[in-house]
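Let me begin by presenting the structure, written as structure tokens, before commenting on it.
Protein chains get the first letters and strands the later ones, always in sequence-line order, with residue 1 at the start of each.
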Protein chains: 2
Amino acid sequence: MNGFRHVVMFKWAEGTTTGQQDEVAARLGELPAVIPEIREYSLGSDAGVNPAAYDFAVVADFADREAYLAYRDHPAHRAVVEKYITPITAERASIQYET
Amino acid sequence: MNGFRHVVMFKWAEGTTTGQQDEVAARLGELPAVIPEIREYSLGSDAGVNPAAYDFAVVADFADREAYLAYRDHPAHRAVVEKYITPITAERASIQYET
């Protein structure tokens, strides 16, 4: 099935608590119910296999670029980013590609 | 379906040619045929939506951590990394998580 994939990963800042990390996953996990453009939504915390790994990832699938942009700019998504993610982010890496 | 996901993205070095980038995708694309532990294998080049994005991503799914490690350390994979990927990599970001 052709589509558009958004991948993002984060390294959390020193001193970030597990509670703050859990809150990010919980709040993001609510988004598929309120943003219908999300086709598939996968969240995960690093399994600890490789030392240089990032801490948390989101892999999100959409029908097309426009559906991704609707998610990126959706007020419910922006609110989670601004309130829960940005305050604890040390590094962020992302890419979007056609699938 | 529960499993184990490996996500990695790269920024290519200044001066990397499109031919070198295409070679990476072509060589990686041969791996599912020779590494049976790969369950799903998705490759993509940045769609150009967000300026800070990385250039190339791999999202690979496995049955479990051991299957991922078999892929990570497989000689055919290591050969692609060493010959085609490492020489043109400026930045690399990766994470592994249980799905």
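- The two residues A/A93 and B/A93 have their closest heavy-atom pair at CB-CB, 3.7 Å.
- Between the CD atom in B/E40 and the OG1 atom in B/T99 there is a gap of 10.5 Å [rounded to 0.5 Å].
- Between A/E98 and A/N2, the closest side-chain pair of non-hydrogen atoms is not below 4.5 Å.
- Within the 4.5 angstrom heavy-atom criterion, only backbone atoms of B/S45 (N, CA, C, O) approach chain A.
- Taking all atoms of both residues into account, the shortest heavy-atom contact from A/G44 to B/I95 is O-CD1, 4.0 Å.
- The contact between A/F4 and chain B is made entirely by side chain atoms (from C-beta outward), counting heavy-atom distances below 4.5 Å.
- Ranked by non-hydrogen atom pairs under 4.5 Å with chain A, the options B/L43, B/V49, B/N50 are led by B/N50.
- Taking CZ of B/F56 as the reference point, atom CZ of B/R92 lies at 12.5 Å (rounded to 0.5 Å).
- Considering only heavy atoms from C-beta on, A/V58 comes within 4.5 Å of A/Y41 through its side chain.
- You'll find the side chain of B/V7 reaches within 4.5 Å of the side chain of B/Y97, heavy atoms only.
- Using non-hydrogen atoms only and a strict 4.5 Å limit, the part of residues 64-88 of chain A facing chain B consists of A/R65, A/Y68, A/L69, A/R72.
- Rounding to the nearest 0.5 Å places CG of A/D55 at 9.5 Å from CD of A/E91.
- The side-chain heavy atoms of B/W12 and B/T89, taken from C-beta on, include a pair separated by under 4.5 Å.
- Within residues 16-30 of chain A, no residue has a heavy atom under 4.5 Å from a heavy atom of chain B.
- Salt bridge status for B/D61 with B/R5: present, with a side-chain N to carboxylate O gap under 4.0 Å.
- One distance of note links CZ of A/F62 with CD1 of A/I38; it measures 5.5 Å at 0.5 Å rounding.
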